[in-house]
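Quick notes on the structure that follows.
First listed ligand is number 1; within each ligand, the first listed atom is number 1.
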Amino acid sequence: MIAKAGAEGVPTCFSRLAAHGPPCAFGTSGLCCRVCNLGPCRITRQRPRGVCGADADTIVARNLLRQVAAGSAAHCDHARHMVELLRDLAAGRAEGYRIEDPAALRRAGRLYGLETERKPDLALAGELADVWLAEFTAQDRPMRSLALAPPARRERWRAAGLSAAGIDRTIVEALHRTVMGVDHDYRHLLAHTLRTALADGYGGSAIATMAGDILFGTPRPVESVANLGVLHADRVNVVVHGHNPAVSEKIAQAAGSPEIAALARAAGAAGVNLVGICCTGHEVLHRHGIALAGGVLQQELAIVTGAVEMMITDVQCCMPGLAQAAAGYHTELVTTSDIARTEGFTPEPFDGRDDDGHARRLLARAVSHFRRREAARVAIPSQRAPVLAGFSVQAIRGLLGGSLRPLVERLADGRIRGVAAIIGCSNPKVASDRYAAELVRGLISRDVLVANTGCAAAASAREGLLSPALAVPQAGPGLRQLHEQYALPPVLHLGSCVNNARFLELGAALAAELDGRADLGDLPLVATAPEWISEKVPAIGCYLVASGVDVILGQDLQTTGSPNVEAFLSRHARELLGAGVHVCLDPAGALGRAMELLDSRRARRAARVSPTAGRPTSSALRAP
Ligand code: BF8
Ligand code: SF4
């Protein structure tokens, strides 16, 4: 598709990257400061301070905090929209929506200490929405959602002063601190970076995940297919792209309607084929088995097939360059979010009023574009791989017979050497997705269970690693036996990037099963982001480290300009939180480091504890 785009003169991120050449070294190292108009300042050996006197440590830490604040804001604002939808539904103002999973509602209500048994669903949904909205606005108390973490971890945060207050306050404070002339001690800035990330992991990402499950259903294992070969030459192809599960859910429901199928047939197509890209693609894959065309790097390439009638976007990771790609074909680009406008995209904001009708009208318009397709320019790659997705923690527990005990026992005796989250984006600056695929193969062959999210999961999907039939033969004996006995595959697709909260949930549940005093830092857990693009990934990395999970990055953070900041994130974080950031530029190095980290954690743990009987799950999220 990259070659086809080149031959047809259609620009993509690949061609623009080549035209840009090597990126600016000041930006790459974090040494460019443009927070005030005394500058912008660029730090060099000859000019070690900006005009205001800020040194490299301050500038690099400030830039990282701003990145993490922006990434956290994206996840948290996504969560806010989900919570507002839940609140509106409870108040009878969200026509066409319903509580899809009452058990998830009650589960979440119990976590926050709400009375859940003698109350109608909508009343409980309203109370829970109020509790969650208060997580955004809390001023002088820590977020209640921090109690999703094991008690030992919360104690570490308290001792280190990292307990985040309300989400909005924490993120606003991040921006305030980084204005010229406020916070200049890099350690103090980095502490707030971790605090801000915690507001994301346990606030925004966890709340978005729980609210999504309540409104649209908790994912269960579901079969599908992935890669650009999921597009069909004889059907009207519609792509949902972005992150908001409410929009993609409505489009998915409408796409299944007989009325739309009839319209498509009348237009000469065999039907409507809905596929997903990026995280909203994962949401509909998990809940409806809708095919996944790919991750962030496939968005323009899907259009280059010449076979996409409409791409329906919402927020985050929807490149503005899509407009240039679509201009070369008949594809209509639609933006459904009130906060996202791009020239070349038709604004069609979904506002909770008649979203079903809105979705049907959009699909009818997509059908009308089918006749404008230029058949001679259609080229759909044949590659498609089978996928098994839908691994919420509840689904994992279900497969394991109702408890995580079989997994905990195997982690304790070494039949399974650990659980590795492979997360984050695909980046055209590196050999896209090869790192992720090689690492996943290496890990499962060494009996490390892989938990995948985001574009890294899309990479695994395209490589066939989300197909048990293809992945199990590549796995070690421990994982093969686990699959044989429980049908739990070696690579578990946990969902979108906000669903990294499922990894935190899995870690907390494993810790509770292992020993009431255990913590994520005591478990053989590790995370790798092979390739990162979005500011959301440094935010995820920081909340994982703050949770006690070592994070291996396949590319440097933009912090190499300050050895002190890098030492804080690797060594000091380890002393403070039991985990740090590692950078391994090649997959073999990452695999070696991951195995070292997992084995040393298991050895440490084995020296101290063996698994004990199951205990009640935590319900510690009551008001402080
Ligand atoms: O949130 S992995 S490119 S799609 S940021 Fe974006 Fe990165 Fe993909 Fe979803 Ni996540
Ligand atoms: Fe330069 Fe300081 Fe202004 Fe940054 S804050 S641009 S270092 S003067």
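The contact set between ligand 1 and Cys455, taken as ligand atoms under 4.0 Å from a residue heavy atom, comprises 2 (S), 3 (S), 4 (S), 8 (Fe). In summary, the atoms of ligand 1 found under 4.0 Å from a heavy atom of Val296, numbered by their order in the structure, are 3 (S). Close contacts of ligand 1 with Cys278, meaning ligand atoms under 4.0 Å from a residue heavy atom, involve 4 (S). Which parts of ligand 2 touch Gly50 is read off a 4.0 Å heavy-atom cut-off, strictly below it: atoms 7 (S). Close contacts between ligand 2 and Arg62 involve ligand atoms 4 (Fe), 5 (S) [criterion: under 4.0 Å to a heavy atom]. Heavy-atom proximity to Cys497, at under 4.0 Å, picks out these atoms of ligand 1: 1 (O), 2 (S), 9 (Fe), 10 (Ni). Which parts of ligand 2 touch Cys33 is read off a 4.0 Å heavy-atom cut-off, strictly below it: atoms 4 (Fe), 5 (S), 6 (S), 7 (S). When each atom of ligand 2 is checked for a heavy atom of Leu38 under 4.0 Å away, the hits are 8 (S). Within ligand 1, the atoms closer than 4.0 Å to a non-hydrogen atom of Cys425 are 2 (S), 3 (S), 5 (S), 7 (Fe), numbered from 1 in the order shown.
Within a 6.0 Å radius of CZ in Arg16, other residues, nucleotides and ligands contribute more than 12 heavy atoms.
A donor-acceptor contact shorter than 3.5 Å is absent between the side chain of His241 and the backbone of Asp314. Under the 3.5 Å distance criterion, the side-chain polar atoms of Asn452 are matched with a main-chain donor or acceptor of Ile422. Judged by distance alone, with hydrogens and angles left aside, the side-chain atoms of Asn499 form no donor-acceptor pair with the main-chain N or O of Arg502 at under 3.5 Å. The closest donor-acceptor contact from the side chain of Thr335 to the backbone of Ala340 lies under 3.5 Å.
Contact annotation: Gly424 has at least one heavy atom less than 4.0 Å from an atom of ligand 1. Using a 4.0 Å heavy-atom cutoff, His243 is listed among the residues neighbouring ligand 1. Residue Arg49 places no heavy atom under 4.0 Å from ligand 2.
Among all protein heavy atoms, the one lying closest to atom 6 (Fe) of ligand 1 is Cys317 SG, 2.3 Å. Nearest non-hydrogen protein atom to atom 3 (Fe) of ligand 2 is Cys36 SG, 2.3 Å. The single protein non-hydrogen atom nearest to atom 1 (Fe) of ligand 2 is Cys41 SG, 2.3 Å, given as residue, atom name and distance.
Ring to ring, His243 and His75 are not that close: their centroids are 6.0 angstrom or more apart.
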Stepwise side-chain contact (heavy atoms from CB on, under 4.5 Å) test for Leu492 and Val450: CA-CA 6 Å; Leu492 306 174; Val450 168; over 6 Å; no
side-chain contact (heavy atoms from CB on, under 4.5 Å) evaluation trace for Asn244 with Ser337: CA-CA 9 Å; Asn244 184 334; Ser337 166; over 6 Å; no
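Under the 3.5 Å distance criterion, with hydrogens and angles disregarded, a donor-acceptor pair is assigned to the side chains of Asp200 and Ser205. Side-chain contact annotation: Glu566 with Thr559, donor-acceptor N/O pair under 3.5 Å present. With no hydrogens or angles considered, a side-chain donor-acceptor pair links Lys536 and Gln316 at under 3.5 Å.
For Cys279, the nearest N, O or S atom to atom 9 (Fe) of ligand 1 falls under 2.8 Å. Using a cut-off of 2.8 Å, one finds that Cys52 contributes an N/O/S atom close to atom 2 (Fe) of ligand 2.
Contact annotation: for Arg42 versus ligand 2, there are no heavy atoms closer than 4.0 Å.
Of the N or O atoms in Ser534, none lie within a sub-3.5 Å distance of an N or O in ligand 1.
Between Glu463 and Arg441 there is a salt bridge, since at least one side-chain N of the basic residue sits less than 4.0 Å from a carboxylate O of the acidic one.
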